[in-house]
Amino acid sequence: MIEENTLPALAEIECAATLEALEGLRVRTLGKSGSITTLVKTLGAMSDEERRTKGPLIHAIRTTVADAITARKAALEQAALAAQLSRDTLDLTLPAPEQPRGSIHPVSQVMDELAEIFADMGFAVATGPEIEDDWHNFTALNIPESHPARAMHDTFYFPDKDDEGRAMLLRTHTSPVQIRSMLQHGAPLRIIAPGRVYRSDSDATHTPMFHQVEGLVIDKGIHLGHLKWTLETFLKAFFEREDIVLRLRPSYFPFTEPSVEVDVGFALAGGKRVLGGSGDAPGHGWMELLGSGMVNRKVIEAGGLDPDEWQGFAFGVGVDRLAMLKYGMDDLRAFFDGDVRWLAHYGFSPFDVPTLSAGVGTAA
Ligand code: DAH
C-alpha cells in the first residue's frame with residue numbers, strides 16, 4: 001500500500017518538468033481528494049491497534065511527499081532563474097549614459113568661500129530682508145532724507161508705505177543688516193551679511209540686482225588696525241595669495257567715520273590684471289576693491305548701543321566682483337543670464353566639497 005501510493009508519486013515529482021506539472025501532482029496527492037489525503041483518511045476507520053502501527057507510516061509518507069514537492073519546486077524556480085540570468089545578459093563594462101548635472105553658480109560658491117573664511121575669524125552669517133524700509137536702508141545709516149546718497153543709489157521704491165509710515169524699497173546695499181544685527185543681538189558682534197541688493201542700473205559692470213557682502217565688528221577698543229588686519233587676512237585667504245597688498249585711502253561714507261576705500265595691488269601680465277604685490281611697483285597698479293571704515297557713532301546709536309562704550313568697523317564689497325576677479329569672468333550680465341553653457345564653464349561641481357581649492361570648470 002505504501003509503495004503503491006508513494007513511490008510512483010515521488011518518482012513523478014522528481015521528474016516534474018514545469019511548475020504547472022508539479023502543481024498538478026500536488027493536487028493529485030495532497031489535494032482534497034488526492035491519493036495521500038485519501039490514505040490519511042483511512043486512519044479514521046482503523047482499529048486502535050492498526051492505527052498505532054500504520055499511523056506513523058502514513059504520516060511519514062505525507063511528510064515525504066510534501067517535502068519532495070517543496071524541494072522540486074525550489075529546484076524548478078532556481079533553474080528558471082538561472083535560465084533567465086543566462087538569457088538576459090547585462091554588460092556592466094559599458095559606459096553609463098551621461099546624466100545632465102547641475103552646477104554651483106560662482107556667486108553661491110564665492111558666498112560659501114566667504115562664510116568659510118570669516119567663520120575661521122569668528123564671524124557668523126547674518127541675513128536681512130531684501131524688501132527694506134527707508135529707515136533701515138538709509139536713515140539709521142546716517143543717510144538723511146535730503147542726502148544725495150539716496151538718489152545716488154537709484155533706489156527701486158514700492159508705491160505704498162509700511163504700517164509705520166516708512167517708505168518701502170528694495171535694499172540698495174547690505175548695510176541695513178548692520179542695524180538689524182545690532183538691534184537683535186547687541187554687542188559684542190562679529191557678522192558678515194552676504195545677499196542680493198538692487199539698484200536701477202544696467203551695463204557691462206552693473207546689473208539691477210547684484211550681490212554684496214557686508215562685514216561688521218562691534219566690540220570694545222576696536223580701531224582701524226583691526227579693520228586692516230581682517231581685510232588683509234580675508235583677501236589673502238580668498239585669492240589664495242600671500243602677496244596681496246592693500247592700500248587704505250581716505251574716503252567718505254555716511255555710515256563710517258573715518259571712512260576708507262581699500263585698493264589692492266595688481267601686476268599686468270599679458271594685458272591681464274593679476275592681483276598681488278604693491279601697486280606702486282613698476283608695471284603694477286592699484287585697483288579699488290571695497291568700502292569700509294569705523295562705524296559712525298550715529299549708526300551705533302541707531303543700533304541701540306552706546307558709542308562711548310562700543311566701537312566697531314564695517315566694510316562692504318561686491319560678491320560678483322570678487323567672483324569676477326578670482327575666476328576671470330569679464331561681463332557681469334552673464335552671471336544672471338542663466339545660460340547653461342556659461343554655467344557649465346564657470347560653475348562648480350556640486351559633488352566637490354565647496355572648498356577654496358575647487359577650481360574653474362570642474363562641473364561636467
Ligand atoms: N554700503 C556701501 C555701498 O553699497 C558699501 C560700504 C561702504 C559698506 C563702507 C560699508 C562700509 O559697511 O563701511 O556702496
Side-chain angles (χ1 to χ4, degrees), residues 114 118 123-130 132 134-144 147-156 169-183 189-201 205-219 222-232 234-235 246-264 287-303 305 307 310-322 332:
L114 295 172
F118 278 102
F123 285 67
V125 172
T127 55
E130 288 170 33
E132 260 297 5
D134 67 349
W135 185 81
H136 285 93
N137 195 82
F138 292 126
T139 315
L141 290 161
N142 192 38
I143 310 176
H147 202 283
R150 293 206 188 206
M152 221 165 70
H153 278 193
D154 298 317
T155 312
F156 289 112
L169 47 85
L170 291 175
R171 67 177 181 190
T172 58
H173 52 178
T174 44
S175 303
V177 185
Q178 290 189 26
I179 304 297
R180 291 185 176 275
S181 299
M182 281 189 278
L183 288 174
L189 196 64
R190 251 186 268 186
I191 55 123
I192 58 163
R196 281 186 277 267
V197 300
Y198 302 83
R199 290 180 204 177
S200 175
D201 219 349
T205 51
H206 297 89
T207 48
M209 187 279 297
F210 59 105
H211 300 83
Q212 286 188 334
V213 60
E214 193 79 9
L216 175 69
V217 167
I218 300 284
D219 212 322
I222 296 293
H223 54 71
L224 271 179
H226 295 119
L227 169 64
K228 185 164 191 246
W229 179 87
T230 304
L231 291 176
E232 236 166 43
F234 151 54
L235 292 168
L246 301 186
R247 182 178 73 174
L248 271 55
R249 261 184 308 114
S251 181
Y252 174 76
F253 300 104
F255 27 89
T256 44
E257 182 58 39
S259 301
V260 287
E261 202 103 42
V262 177
D263 300 334
V264 59
M287 184 192 310
E288 190 180 310
L289 194 61
L290 58 88
S292 63
M294 301 307 295
V295 183
N296 191 304
R297 293 174 61 88
K298 291 183 184 158
V299 173
I300 293 185
E301 272 168 9
L305 299 170
W310 300 102
Q311 298 76 45
F313 66 77
F315 59 88
V317 52
V319 172
D320 317 285
R321 189 160 144 68
L322 286 176
L332 177 65

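Whatever order the structure lists ligands and atoms in, that order sets their numbers, starting from 1.
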Subject >> Other residues, nucleotides, ligands: >12 heavy atoms within 6.0 Å of Arg196 CZ >> reply: no
Could you tell me, atom by atom, which parts of ligand 1 come under 4.0 Å of a heavy atom of [X]?
X	value
Ala314	12 (O), 13 (O)
Glu214	8 (C), 10 (C), 12 (O)
Gln178	12 (O)
Thr256	13 (O)
Gly293	13 (O)
Gly291	7 (C), 9 (C), 11 (C)
Ser175	1 (N), 8 (C)
Gln212	3 (C), 4 (O)

**OP:** Quick one: look at Phe313 and ligand 1, take heavy-atom pairs under 4.0 Å, and tell me if it's side chain, backbone, both or neither.
**Re:** neither
Original post:
Any idea which part of Arg199 is under 4.0 Å from ligand 1, heavy-atom wise: side chain, backbone, both or neither?
Top reply: side chain
Original post:
Does any non-hydrogen side-chain atom of Glu288 lie less than 4.5 Å from one of Glu261?
Top reply: yes
Original post:
With a 4.5 Å heavy-atom cut-off, do Phe313 and Lys228 have their side chains touching?
Top reply: no
Subject >> Main-chain N/O of Thr174 paired with Gln212 side-chain donor or acceptor, under 3.5 Å >> reply: yes
Subject >> Side-chain donor or acceptor of Asp134 paired with backbone N/O of Thr139 under 3.5 Å >> reply: no
Original post:
Below 3.5 angstrom, do we get any N/O pair linking Thr172 and ligand 1?
Top reply: no
Original post:
When the ring centroid of Phe255 is compared with that of His173, is the distance short of 6.0 Å?
Top reply: yes
**OP:** Start with the C-alpha gap between Ile222 and Ile218, add the side-chain angles, then the distance that decides, and say whether side chain to side chain contact (heavy atoms under 4.5 Å, CB included) holds.
**Re:** CA-CA 7 Å; Ile222 296 293; Ile218 300 284; over 6 Å; no
**OP:** May I have the step-by-step check of ring-ring contact (aromatic ring centres under 6.0 Å, His included) for Phe315 and Phe123, ending in yes or no?
**Re:** CA-CA 13 Å; Phe315 59 88; Phe123 285 67; 7.1 Å; no
